[in-house]
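Please read all numbers here as calculations on a predicted model, not as lab measurements. Letters A, B, ... are given to chains in the order of the sequence lines, protein chains preceding strands, and every chain is numbered from 1.
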2 protein chains.
Amino acid sequence: MALRNAVMAALLEGEASGYDLAKAFDASVANFWMATPQQLYRELERMAAEGLITARVVEQDKRPNKRLFSLTEAGRAAVHAYTTERPSRPSAIRDELLVKVQTLDAGDATAVRAGIADRVDLARTKLARYERLRTALLDGRTEEQYLVGAERVGPYLTLLRGMDFERENVRWGELALRVLDGRAAQRCG
Amino acid sequence: MALRNAVMAALLEGEASGYDLAKAFDASVANFWMATPQQLYRELERMAAEGLITARVVEQDKRPNKRLFSLTEAGRAAVHAYTTERPSRPSAIRDELLVKVQTLDAGDATAVRAGIADRVDLARTKLARYERLRTALLDGRTEEQYLVGAERVGPYLTLLRGMDFERENVRWGELALRVLDGRAAQRCG
DNA sequence: AACACCATGTAAGCAGTTACATGATTAG
DNA sequence: CTAATCATGTAACTGCTTACATGGTGTT
């Protein structure tokens, strides 16, 4: 019942196909909600059946047809109702890498080290993408100007949270790498 | 198949009952893995059936009996094997509050504001708990001494990551509150 | 007297993952 | 020539959540 709110959040940006949403979830919304394409297609069916969204088939040549979904009035009302709900259930995280880090001392420290290095690289990549998204949103304005004057601040605030998160991934990952390298050198030297 | 690795990570600290694990997951491991008691009881059954852990029944008076689980040799081997697996699947987050923040401009900004304030309070509470855990782990040593000399660094590194995360929650939340208050004042004044 | 804690579990239902399938188009 | 992109979906499975049940003990 909560994926649908994430979908409606994405549809506030305008109509989109299941495929579009899969990409959007992978890019901008990914820092607070993950969903596979299959989940999205199923949820879109249900939402359409319940009248929260409507589909518009667009025929394309040299491309498969697509169904563009957009929010109905009932959908917008549902979004508004959702924002008034209290409390939000606590955020859920599942991070396999941190499970491995936790067990590092009873496992293969070299392999875990490599996993941390991968994570740092990934965080840097995401950070660069978010930075481009931020520049596009700001569109020449400063952050202060934007936060005071823009019609919508929600997407900008969530983007800032995502950027903070990835920055911390880089910072923490580099610390962890230094620590592991220091201990490895100590054991060998 | 991944919850069990989190369980084994927790059992590296020593034998524990399902009830103990539920508390531990809520406290120290919560920053990278969430699990309900029901999930744990079910997974413990399976793991015992597969020989990764063994149960020891402890009879108590004035308290219900409990089953204390501990890792077997096969369990330790499984932990080691898990740390060598590459890659780790990307970390999954689901944060309802951020979905609401995303849709804030089409919803009830006052209610979302209250949700952010709750989140900041919760983050402060968690941060204080993690700080106590950290002090207990350090046990008089400085962080540098600990990271170089301690037998195990995994749990300390994951704790640092959790603390960073909660600190960012506080920092970001306070910024978001300032922004929303500024915009509200602007509309009224 | 009411509530929270200890300690375990069942049952039902919803959510999420994985593998597979289609079939044309464009980029390297 | 291979791989990736576009665009959708089915089927089978595994995992997770919610509600409920038990029953004694300690706390306010």
Atom pair distance, as rounded to whole Å: [atom1] in [X] and [atom2] in [N]:
{"X": "B:Leu44", "N": "C:dT8", "atom1": "CG", "atom2": "P", "answer": "9 Å"}
{"X": "A:Leu21", "N": "D:dG9", "atom1": "CG", "atom2": "P", "answer": "13 Å"}
{"X": "A:Leu40", "N": "C:dT18", "atom1": "CG", "atom2": "C1'", "answer": "16 Å"}
{"X": "A:Asp20", "N": "D:dT8", "atom1": "CG", "atom2": "P", "answer": "7 Å"}
{"X": "B:Lys66", "N": "C:dA7", "atom1": "NZ", "atom2": "P", "answer": "5 Å"}
{"X": "A:Phe25", "N": "C:dT17", "atom1": "CZ", "atom2": "P", "answer": "12 Å"}
{"X": "B:Tyr41", "N": "D:dC16", "atom1": "OH", "atom2": "P", "answer": "17 Å"}
{"X": "A:Leu68", "N": "D:dT8", "atom1": "CG", "atom2": "P", "answer": "8 Å"}

inquiry  = Side chain of A:Glu45 only, heavy atoms from C-beta on: which candidate in C:dG9, D:dG9, C:dT25 is closest?
reply    =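 From the listed options, D:dG9 comes nearest.
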message = Of the listed nucleotides (C:dA19, D:dT17, C:dG23), which one gets closest to any side-chain atom of A:Pro64?
response =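 Of C:dA19, D:dT17, C:dG23, C:dG23 is nearest to the side chain of A:Pro64.
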ask   = Going by heavy atoms in the side chains, are A:Leu52 and A:Leu71 under 4.5 Å from each other?
value =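 A:Leu52 vs A:Leu71: side chains apart.
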query = Is there side-chain contact between B:Arg167 and B:Arg171, with at least one heavy-atom pair below 4.5 Å?
reply =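 No, every pair of side-chain atoms sits at 4.5 Å or beyond.
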query = Taking for each residue the nucleotide of DNA chain C with the nearest heavy atom, is it A:Ala35 or A:Arg63 whose nucleotide lies nearer the 5' end?
reply =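 The residue whose closest nucleotide sits nearer the 5' end is A:Ala35.
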message = By nearest heavy atom, map B:Phe69 and B:Ala92 onto DNA chain C; which one lands nearer the 5' end?
response =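 Residue closer to the 5' terminus by nearest nucleotide: B:Phe69.
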Under 3.5 Å, sequence neighbours excluded: what are the donor-acceptor pairs made by side chains of residues 21-33 of chain B?
| from | atom 1 | to | atom 2 | distance (Å) |
| --- | --- | --- | --- | --- |
| B:Asn31 | ND2 | B:Ser28 | O | 3.1 |

Please tell me if [X] has a side-chain N or O lying less than 4.0 Å from either OP1 or OP2 of [N].
{"X": "A:Gln60", "N": "D:dC6", "value": "no"}
{"X": "A:Tyr19", "N": "D:dC6", "value": "yes"}
{"X": "B:Arg89", "N": "C:dT18", "value": "yes"}
{"X": "A:Ser17", "N": "D:dC6", "value": "no"}
{"X": "A:Arg67", "N": "D:dG9", "value": "yes"}

request  = Go through B:Asp108 and B:Arg113 one step at a time and tell me if the salt bridge (Lys or Arg N to Asp or Glu O under 4.0 Å) criterion holds.
outcome  = CA-CA 9 Å; B:Asp108 182 338; B:Arg113 204 215 102 100; over 6 Å; no
message = Once you measure the plane-to-plane angle for B:Tyr146 and B:Tyr156, does it fall in the parallel (<30°), tilted (30-60°) or perpendicular (>60°) bin?
response =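 Tilted, since the angle between the ring planes falls between 30° and 60°.
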Pull out every protein N or O sitting under 3.5 Å from an N or O of nucleotides 13-16 of chain C, one pair per line with the distance.
| from | atom 1 | to | atom 2 | distance (Å) |
| --- | --- | --- | --- | --- |
| C:dA15 | OP1 | A:Met1 | N | 2.2 |
| C:dA15 | OP2 | A:Arg46 | NH1 | 3.4 |
| C:dG16 | OP2 | A:Gln39 | NE2 | 2.8 |
| C:dG16 | O5' | A:Gln39 | NE2 | 3.2 |
| C:dG16 | N7 | A:Arg42 | NH2 | 2.9 |

query = So among B:Glu143, B:Glu144, B:Gln145, which one has a side chain to side chain contact (heavy atoms under 4.5 Å, CB included) with B:Leu147?
reply =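 The option that passes is B:Glu143.
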ask   = Are B:Glu174 and B:Arg124 within salt-bridge range, i.e. N to O under 4.0 Å?
value =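 Salt bridge present between B:Glu174 and B:Arg124.
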